[in-house]
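Structure first, commentary second.
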Amino acid sequence: MKIVIIGGVAGGASAAARLRRLDENAEIVILERGDYVSFANCGLPYYIGGEIAEKSALLLQTPQSFYKRFRVDVRVKNEVLSINRAEKTVLVRTADTGEEYTESYDKLILSPGAAPILPPIEGAELDRVFTLRSVPDAVKIREFVTHNGASSAVIVGGGYIGVEMAENLTRAGVRTTIVEMQDHLIAPLDFDMACHVHQYLRAKGVEILLNHAVQKITESGGKLSVSTSGGSMETDMVLLSVGVRPDTALAKQAGLALNQRGAILTDEHMRTGDPDIYAVGDAVEVNDFVTGQKAYIPLAGPANKQGRIAADNICGFASSYKGTQGSSVLKIFDMTVAATGINERTAQALGLNYDKMFTASASHASYYPGSTVMPMKTIYEKETGKILGVQIVGFDGVDKRCDVMATAIRAGLTASDLTELELCYAPPYGSAKDPVNFAGYAIENVLTGKIKTFHWHEVASLPRDGSVTLLDVRTPQEYAQEHIDGFINIPVDELRDRIGELDPTKPAYVHCLSGVRSYIACRILMGHGFDCYNLSGGWKIYSTAVKELG
């Protein structure tokens with residue numbers, strides 16, 4: 001059997017290695033139009049910033065190493081021009097000579113990946129305007145920064161690549177501005193969680209312009225002028241990072257079914273409408289694991305899994321891809337941002353009967369040095385407590401908590417299940433009541449009627465006419481430093497002795513720094529007949545979001 005794979009990197013290279021492990025006699029050919037068959041795409045920003053010093057560190061496999069270990073015929077700089085499904089051949093052109101030849105196949109795997117979206121902006125084609133997809137792109141940007149002495153940069157788009165590039169350019173001494181059309185950076189996050197990122201980036205010297213659209217880029221006197229909906233700025237270079245699109249011109253030419261976005265349609269076995277053609281990676285449509293909806297979620301982990309699954313099925317081992325849940329993690333200087341499952345915007349758009357819980361736990365035992373607060377937002381199903389999505393921002397242990405939550409979502413666990421998880425504990429690493437357990441406890445308390453919650457965006461609409469009790473149970477020192485208008489201060493440890501100052505016929509809305517002391521206060525008040533609501537996530541979440549709103 002002869003298998004031809006179009007495109008390497010995550011999906012294609014993974015498929016080739018799996019094919020060889022399953023079939024020692026198969027003829028396997030990878031046709032890659034670029035210079036490299038397998039490289040660390042996610043490491044490109046860190047090469048530009050100098051964190052990864054040598055380009056060679058980005059190269060995971062070479063044609064020679066692939067052949068030596070797997071006996072795979074890897075041909076770089078060989079671009080497939082067309083697919084002839086009737087004859088089961090592909091037309092190939094070599095970049096070095098321009099020669100064209102035909103290659104036959106028994107099975108074909110498409111792994112063309114995704115290409116950067118080029119927005120219809122005047123000046124996007126200028127020499128000082130860059131995109132980042134490949135090793136040559138990264139080399140070009142790094143050489144420009146190094147040899148041209150770039151002192152400023154504008155990044156158009158605040159997604160993962162845009163934010164990673166902001167960090168790395170800043171580390172390289174380049175004054176950086178992110179221009180983003182939406183009201184927050186990092187689309188998988190909701191606004192309230194992204195606010196933590198905004199404030200941290202600004203503290204690191206990165207300027208952020210939200211709700212701004214770039215209209216045109218012009219060049220004059222060795223500088224670029226970037227015009228936005230809010231004004232203009234001068235810069236040495238521009239990076240376009242507004243997202244990616246599936247690179248599926250070949251699939252379209254071959255008559256394979258695509259969705260409206262241009263992603264290739266496959267079944268659960270990664271097989272297209274042609275039984276001899278499979279497709280994997282950033283070029284394919286997937287099912288959202290949480291919602292079951294069709295989606296486009298280009299990530300390296302799913303691409304590797306899909307390559308493996310395509311190889312399994314070609315070799316006669318039935319396996320299925322069960323959907324993508326969008327687990328992702330991002331380093332921003334010393335901060336870590338992670339998310340998995342759906343966010344609140346998606347839950348709202350789909351009309352799900354959901355609720356949310358904000359928690360702000362310590363990253364490890366608070367008495368052990370270096371503990372930091374870890375804001376977490378958990379989306380859950382109201383009827384069952386099933387976990388639908390999680391977003392976490394912090395500085396220590398964020399990735400491992402999000403990985404636990406990703407596993408919980410994949411396994412269909414509920415908030416009650418989270419409370420029962422026995423997770424590793426020692427003071428340098430966590431707490432006996434882990435932040436994951438804590439989220440489960442907080443949600444379970446709501447579901448079992450032990451507490452009611454209200455959220456940061458509801459605070460402004462609470463009446464200030466005396467018809468409700470607004471109570472801040474932090475210390476007098478915390479209250480004096482900053483507090484919410486209309487909230488009176490009775491520290492939680494004084495509440496039982498001063499409960500006569502409050503009217504039990506009025507609903508009580510209570511907050512503290514993180515929601516823990518106010519939960520205790522609510523249980524005290526409820527024990528005395530009060531109808532009590534606890535501010536989810538406390539002052540920490542409220543103040544961060546409200547300050548961002550201005």
Side-chain angles (χ1 to χ4, degrees), residues 192 344 353-361 373 375-385 414-416 418-419 433 435 437-546:
D192 37 35
E344 186 176 4
N353 188 21
Y354 78 96
D355 205 345
K356 59 196 173 190
M357 178 60 67
F358 294 97
T359 51
S361 306
V373 175
M376 180 186 301
K377 180 178 183 177
T378 306
I379 310 297
Y380 65 93
E381 192 174 66
K382 275 188 177 181
E383 301 97 325
T384 65
T414 66
S416 294
L418 296 184
T419 70
K433 186 186 294 183
N437 300 134
F438 196 89
Y441 290 132
I443 296 169
E444 186 181 59
N445 284 337
V446 172
L447 295 176
T448 55
K450 297 181 181 68
I451 195 71
K452 298 177 183 178
T453 58
F454 67 111
H455 298 293
W456 68 269
H457 51 83
E458 298 171 316
V459 171
S461 63
L462 293 174
R464 265 69 173 180
D465 58 1
S467 60
V468 301
T469 297
L470 304 179
L471 183 61
D472 182 335
V473 297
R474 297 177 299 162
T475 66
Q477 293 78 15
E478 290 174 290
Y479 184 84
Q481 186 175 14
E482 206 169 9
H483 61 267
I484 304 174
D485 180 54
F487 280 69
I488 63 172
N489 180 225
I490 301 179
V492 64
D493 292 338
E494 299 177 16
L495 185 57
R496 287 186 180 88
D497 296 330
R498 297 176 58 183
I499 204 163
E501 299 175 23
L502 305 176
D503 185 346
T505 66
K506 297 178 181 179
Y509 292 83
V510 187
H511 87 84
C512 66
L513 180 65
S514 66
V516 176
R517 285 174 288 174
S518 50
Y519 166 65
I520 296 169
C522 272
R523 290 304 301 164
I524 293 170
L525 291 169
M526 291 171 72
H528 287 80
F530 285 76
D531 182 20
C532 194
Y533 297 79
N534 185 24
L535 178 59
S536 179
W539 171 265
K540 178 71 176 176
I541 300 295
Y542 168 83
S543 62
T544 301
V546 169

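Distance OG1/Thr414 to CD/Glu444: 8.0 Å, rounded to 0.5 Å. Met526 contributes atom CE, which lies 10.0 Å from atom NZ of Lys450 (distance to the nearest 0.5 angstrom). Here the NZ atom belonging to Lys382 is positioned 5.0 Å from the CG atom belonging to Asp355, to the nearest 0.5 angstrom.
Using a 4.5 Å heavy-atom cutoff, the side chains of Leu525 and Ile499 are in contact. Counting only heavy atoms from C-beta outward, the side chains of Val516 and Phe438 approach each other to under 4.5 Å. When side chains are defined from C-beta on, Ser543 does not count as touching Glu482, because their heavy atoms never get closer than 4.5 Å. Side-chain contact between Ile541 and Lys377: absent, with no pair of heavy atoms (C-beta onward) separated by less than 4.5 Å.
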Report task. Apply side chain to side chain contact (heavy atoms under 4.5 Å, CB included) to the pair Leu502 and Ile488, showing each step before the final yes or no. Result -> CA-CA 11 Å; Leu502 305 176; Ile488 63 172; 4.0 Å; yes

Report task. Report the C-alpha distance between Leu470 and Ile484 in whole Å, list the side-chain angles of each, state the deciding distance to 0.1 Å, and finish with yes or no for side chain to side chain contact (heavy atoms under 4.5 Å, CB included). Result -> CA-CA 9 Å; Leu470 304 179; Ile484 304 174; over 6 Å; no

Requested in this report: Give the C-alpha distance, both sets of side-chain angles, the deciding distance and a yes or no for side chain to side chain contact (heavy atoms under 4.5 Å, CB included) between Asn445 and Thr453.
Outcome: CA-CA 10 Å; Asn445 284 337; Thr453 58; over 6 Å; no

Requested in this report: Decide side chain to side chain contact (heavy atoms under 4.5 Å, CB included) for Val446 and Met357; before the verdict, give the C-alpha distance in whole Å, the side-chain angles of both, and the deciding distance to 0.1 Å.
Outcome: CA-CA 9 Å; Val446 172; Met357 178 60 67; 3.6 Å; yes

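Of all the heavy atoms in Lys452 and Cys532, the pair that sits closest is CB-O, 3.6 Å. The shortest heavy-atom contact between Ser518 and Val510 is CB-CG1, 3.8 Å. Minimum heavy-atom separation, Leu535 to Trp539: CD2-N, 4.3 Å. Between Leu447 and Gly385, the shortest heavy-atom distance links the atoms CD1-CA, 3.5 Å. Residues Arg498 and Asn489 come closest through the heavy atom pair NH2-O, 4.0 Å. Among all heavy-atom pairs drawn from Asn534 and Gly515, the shortest one is ND2-O, 3.1 Å.
For the side chain to side chain contact (heavy atoms under 4.5 Å, CB included) criterion with Cys512, the lone passing option out of Val473, Thr475, Leu471 is Val473. Test Tyr509, Tyr533, Phe358 against Phe454 for ring-ring contact (aromatic ring centres under 6.0 Å, His included) and you get one pass: Tyr509.
Formation of a donor-acceptor pair under 3.5 Å by the Arg517 side chain with backbone atoms of Pro491 is not found in this model. Formation of a donor-acceptor pair under 3.5 Å by the Arg464 side chain with backbone atoms of Asp485 is found in this model. Panel note: side chain Tyr479, backbone Phe487; a donor-acceptor pair is recorded below 3.5 Å. Side chain of Asp472 to main chain of Ile490: no donor-acceptor pair is present (N/O by atom type, distance under 3.5 Å, no hydrogens or angles).
Counted within 6.0 Å of NZ on Lys540, heavy atoms from surrounding residues, nucleotides or ligands total 12 or fewer; the atom is thus considered open. Heavy atoms from other residues, nucleotides or ligands lying under 6.0 Å from CD of Gln481 number 12 at most.
For His511 and Tyr542, the distance between ring centers is not under 6.0 angstrom.
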